[in-house]
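Notes for the one structure printed next.
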Amino acid sequence: MTLADAMENVAGLKRFSKGTPYPFLCDLTKCKATDLDARNYYGTDEGRQAYLALALVGGRPVGRMIGNVFLTVYGNRDRPIRLFTDERDAIQWLKGFAG
């Protein structure tokens, strides 16, 4: 994933949600790599405005590694982020943020 991909994803989320942040599940199971610029963009104020809470689902070691790096850098911010290996657990956690 490149910076352009990350910017497109955030723009799409904002369009879909009409600017209102929602709990969001990000499936990293097929993600092979995310470059540093993309990871940094997701952690910016602009990137974080796209979600209320973020569940990262990664079953493969690469996905878990990407998720762990993101959590290390951005996990102590005002938008909760958590890494999961099971999508059902992630959805259950995200339901706690639904209005």
Cluster overlap Trp93 with Leu52, hydrophobic side-chain contacts below 4.5 Å: yes
Stepwise side-chain contact (heavy atoms from CB on, under 4.5 Å) test for Leu3 and Tyr41: CA-CA 7 Å; Leu3 174 59; Tyr41 178 74; 3.5 Å; yes
Heavy-atom closest pair, residues Asn9 and Tyr42: ND2-OH, 2.8 Å
Non-hydrogen atoms of Glu46 and Val10 that approach each other most closely: O-CG1, 3.9 Å
Cluster link Tyr22 to Phe97, ILVMFWY, side chain under 4.5 Å: no
Between CG on residue Asp86 and CD on residue Gln92, distance to nearest 0.5 Å: 11.0 Å
Steps toward side-chain contact (heavy atoms from CB on, under 4.5 Å) verdict (Val57, Cys26): CA-CA 6 Å; Val57 178; Cys26 182; over 6 Å; no
Rounded distance (nearest 0.5 Å) linking atom OG1 of Thr44 with atom CE of Met7: 8.5 Å
Leu56 CG to Thr29 OG1 distance, which is reported to the nearest 0.5 Å: 12.0 Å
Rounded distance [0.5 Å steps], CG in Leu54 versus CZ in Arg48: 11.5 Å
Spatial distance of atom CZ (Phe16) from atom CZ (Phe24) [nearest 0.5 Å]: 10.0 Å
Verdict with supporting geometry, Met1 and Asp35, side-chain contact (heavy atoms from CB on, under 4.5 Å): CA-CA 6 Å; Met1 181 180 306; Asp35 69 28; over 6 Å; no
4.5 Å side-chain heavy-atom contact, Lys14 and Pro21: no
Verdict with reasoning, Tyr51 to Leu13, per side-chain contact (heavy atoms from CB on, under 4.5 Å): CA-CA 8 Å; Tyr51 59 86; Leu13 272 174; 5.5 Å; no
Sidechain-backbone polar pair: Asn40 side chain, Asp37 backbone, donor-acceptor under 3.5 Å: no
Donor-acceptor pair, side chain of Arg82 and main chain of Ala90, under 3.5 angstrom: no
